[in-house]
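These notes concern the structure reproduced below.
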Number of protein chains: 2
Amino acid sequence: MDNKPVPDIVVGRLPIYLRALTFLKTEHREITSSQELGDRLGISSAQIRKDLSHFGEFGKQGTGYDIRHLEANLKQILHVDRMWDVVLIGAGDLGHALANYRGFAGRGFHIAAVFDKSGDKIGREIVEGLVVEDVVTLSERVKQVGWKMAIIAVPAEEAQPVANTLMEAGVKALLNYAPISLMVPSGIRVEHIDPAVHLQHLTYYLG
Amino acid sequence: MDNKPVPDIVVGRLPIYLRALTFLKTEHREITSSQELGDRLGISSAQIRKDLSHFGEFGKQGTGYDIRHLEANLKQILHVDRMWDVVLIGAGDLGHALANYRGFAGRGFHIAAVFDKSGDKIGREIVEGLVVEDVVTLSERVKQVGWKMAIIAVPAEEAQPVANTLMEAGVKALLNYAPISLMVPSGIRVEHIDPAVHLQHLTYYLG
DNA sequence: TAGATTGTTAATCGATTAACAATC
DNA sequence: TAGATTGTTAATCGATTAACAATC
């Protein structure tokens with residue numbers, strides 16, 4: 001009966017909830033409440049309960065939420081109860097940092113391949129077991145292996161062409177670090193990360 | 001008369017508009033319209049006009065917006081018509097990438113100092129002219145110099161203590177890369193960047 | 001039982017969109 | 001002038017919050 005899609009803004013908060021639950025686990029906590037989560041995240045408890053109610057009933061009246069149970073459910077909802085291979089384009093400083101980032105594995109992601117166009121990066125082992133490949137082979141390799149997610153860490157002027165190549169080859173979701181708004185057709189999802197955008201958001205309030 | 005603060009969600013779009021205008025300049029464009037901007041950004045033209053109307057009248061009926069004029073106004077509104085010194089904490093892979101990032105200078109930011117706690121990083125020149133300092137001196141240095149903005153690029157378990165030190169020393173705005181929700185008092189602004197959160201937002205839609 | 005907290009409904013609040021007079 | 005596009009108003013749409021019955 002409930003045919004309406006869950007609002008994207010709600011979906012966007014689920015990873016935050018999941019991260020908080022995983023953190024609570026490191027503190028050896030077993031039960032939490034919408035109140036406690038809200039206090040930690042700066043979100044109202046009502047909003048957290050409402051958000052979760054889109055997906056089912058995960059708590060117990062009078063008690064709260066079993067942390068492991070809710071965590072497992074959120075992982076399922078977000079489809080990170082499995083590992084996703086992610087292809088990374090760009091082996092500069094940022095690409096290097098992303099390839100070496102230890103935080104992906106525990107949260108459902110594995111950098112499966114790295115591509116660059118620069119001759120002095122191609123063939124180098126950017127991290128144990130991961131050799132930088134030539135971007136001219138990107139399309140072929142994506143089609144062959146069937147990767148669905150990519151991280152774009154190339155200069156601004158190359159980002160749109162790289163995105164086009166990826167989408168044409170079957171990639172459905174992009175995380176873009178280039179300081180440019182990617183244009184994508186409907187059916188493709190994009191998230192943008194641009195530190196200068198965030199800093200400028202902050203300076204507005206600094207008078 | 002208009003005493004109401006501009007909604008934060010509107011403020012958050014201004015840096016996107018600014019980035020698009022700067023991009024149009026690189027294409028040697030001089031005039032644009034809310035329609036064109038909206039098409040490029042995936043935002044309705046009405047929303048762009050409404051957003052801008054909170055701050056004044058920047059366009060001309062029948063013509064559109066002078067790109068340089070609107071860009072200059074947005075820079076003023078966002079307070080990036082000047083340069084901001086930013087202190088960076090964490091000199092790992094990510095800190096290294098941020099310290100070397102060429103994109104900050106043109107958008108109002110300068111990494112003024114880098115701190116780390118690791119003995120084999122302290123004293124090393126992370127980038128031309130920028131020597132990694134010992135984090136035990138962070139509080140003292142921040143108070144002395146008066147930095148107002150910081151980027152946190154330390155492991156999750158150190159992020160909150162580092163944030164506390166920074167806030168106690170007078171920092172008012174934080175950009176946090178650690179995968180944890182920082183708790184801050186009102187009056188302090190925080191933005192979070194967590195690639196895994198964005199990737200999980202994407203996987204929701206990948207079935 | 002008494003106390004606590006959920007899931008949900010209805011009310012409130014806020015943001016987006018549509019439409020158009022003004023005007024370049 | 002005719003055409004285009006702004007700035008703004010009012011209508012619509014959607015998200016958040018408050019409140020509380022249900023119940024553990």
Side-chain angles (χ1 to χ4, degrees), chain A residues 1-17 20-21 24 29-74 77 186 201 204, chain B residues 1-17 20-21 24 29-74 77 186 201 204:
Chain A
M1 294 301 101
D2 192 354
N3 268 334
K4 274 180 244 152
V6 176
D8 185 63
I9 197 163
V10 172
V11 175
R13 280 191 293 262
L14 299 185
I16 310 286
Y17 300 162
L21 291 164
L24 284 169
R29 300 283 310 285
E30 301 199 338
I31 304 284
T32 187
S33 65
S34 58
Q35 180 69 57
E36 182 186 43
L37 278 173
D39 288 348
R40 287 195 179 242
L41 302 177
I43 291 176
S44 79
S45 63
Q47 179 159 85
I48 290 173
R49 294 198 302 279
K50 186 108 217 306
D51 285 353
L52 296 177
S53 75
H54 286 96
F55 303 96
E57 308 189 356
F58 307 107
K60 197 184 284 187
Q61 281 104 323
T63 309
Y65 300 92
D66 180 274
I67 291 172
R68 303 173 69 91
H69 178 248
L70 182 53
E71 184 194 33
N73 275 281
L74 285 178
I77 292 164
S186 71
H201 189 160
Y204 174 81
Chain B
M1 292 301 100
D2 192 354
N3 267 337
K4 275 181 241 149
V6 176
D8 185 63
I9 197 163
V10 171
V11 175
R13 281 191 292 263
L14 300 185
I16 311 287
Y17 300 162
L21 292 165
L24 284 169
R29 298 283 309 286
E30 300 199 339
I31 304 284
T32 188
S33 65
S34 59
Q35 179 70 57
E36 181 185 44
L37 278 173
D39 288 349
R40 288 193 178 242
L41 301 178
I43 291 176
S44 78
S45 62
Q47 180 160 86
I48 290 174
R49 293 198 301 279
K50 187 106 217 308
D51 285 354
L52 296 178
S53 76
H54 286 96
F55 303 95
E57 308 189 356
F58 307 107
K60 197 184 283 187
Q61 280 105 325
T63 308
Y65 300 92
D66 180 273
I67 290 172
R68 301 174 71 92
H69 178 247
L70 181 53
E71 185 195 32
N73 274 281
L74 285 177
I77 292 164
S186 70
H201 190 162
Y204 175 81

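Note on naming: letters A, B, ... go to the chains in the order of the sequence lines (proteins, then strands), and numbering restarts at 1 for each one. The structure displayed is predicted, hence computed values, not measured ones.
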Rounded to whole angstroms, how far apart are [atom1] on [X] and [atom2] on [N]?
| X | N | atom1 | atom2 | answer |
| --- | --- | --- | --- | --- |
| B/Asp8 | C/dA15 | CG | P | 9 Å |
| B/His54 | C/dT16 | NE2 | P | 10 Å |
| B/Ile9 | C/dG14 | CD1 | C1' | 10 Å |
| A/Leu52 | C/dG7 | CG | P | 7 Å |
| A/Glu36 | C/dA4 | CD | P | 15 Å |
| A/Phe58 | D/dC24 | CZ | P | 17 Å |
| B/Lys4 | C/dG14 | NZ | P | 9 Å |
| B/Ile31 | C/dC24 | CD1 | P | 15 Å |

State which of [options] makes the closest approach to the side chain of [X].
| X | options | answer |
| --- | --- | --- |
| A/Arg13 | D/dG7, D/dT16, D/dA22 | D/dT16 |
| A/Gln61 | C/dA15, D/dT17, D/dA22 | D/dA22 |
| B/Gln47 | C/dC20, C/dT6, C/dT17 | C/dT17 |

Short side-chain N/O contact to [N] OP1/OP2 from [X], under 4.0 Å:
| X | N | answer |
| --- | --- | --- |
| B/Tyr65 | D/dA4 | no |
| B/Ser44 | C/dT17 | yes |
| B/Arg49 | C/dC20 | no |

| Under 4.0 angstrom, heavy atoms only, what part of the nucleic acid is A/Ser34 near: base, sugar-phosphate, or nothing? |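 Sugar-phosphate contact only.
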| request: Start with the C-alpha gap between A/Val11 and A/Ile77, add the side-chain angles, then the distance that decides, and say whether side-chain contact (heavy atoms from CB on, under 4.5 Å) holds. | output: CA-CA 9 Å; A/Val11 175; A/Ile77 292 164; over 6 Å; no
| Residue met sooner reading DNA chain C from 5', once A/Thr63 and A/Lys50 are mapped to nucleotides |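 That would be A/Thr63.
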| field | Complementary nucleotide of C/dC20, counting Watson-Crick and G-U pairs under 3.5 Å | value |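 Check on C/dC20: paired to D/dG7, both distances under 3.5 Å.
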| query | Can you tell me how far CZ of A/Phe55 sits from CG of A/Leu74, rounded to the nearest 0.5 angstrom? | reply |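 Reported to 0.5 Å precision, the distance equals 8.5 Å.
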| query | Distance from A/Asn73 atom CG to A/Arg68 atom CZ, nearest 0.5 Å? | reply |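 Going from CG on A/Asn73 over to CZ on A/Arg68, the span is 13.0 Å.
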| Under 3.5 Å, is there a donor-acceptor pair linking the side chains of B/Gln47 and B/Asp51? |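 Absent: no donor and acceptor within the cut-off.
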| said: Pick the closest DNA chain D nucleotide for B/Glu57 and for A/Ala46 by heavy atoms, then say which residue is nearer the 5' end. | reply: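 Mapping each residue to its closest nucleotide by heavy atoms, the 5'-most match is B/Glu57.
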| task | Decide yes or no on side-chain contact (heavy atoms from CB on, under 4.5 Å) for A/Ser45 and A/Arg49, but give the supporting numbers first. | result | CA-CA 6 Å; A/Ser45 63; A/Arg49 294 198 302 279; 3.3 Å; yes
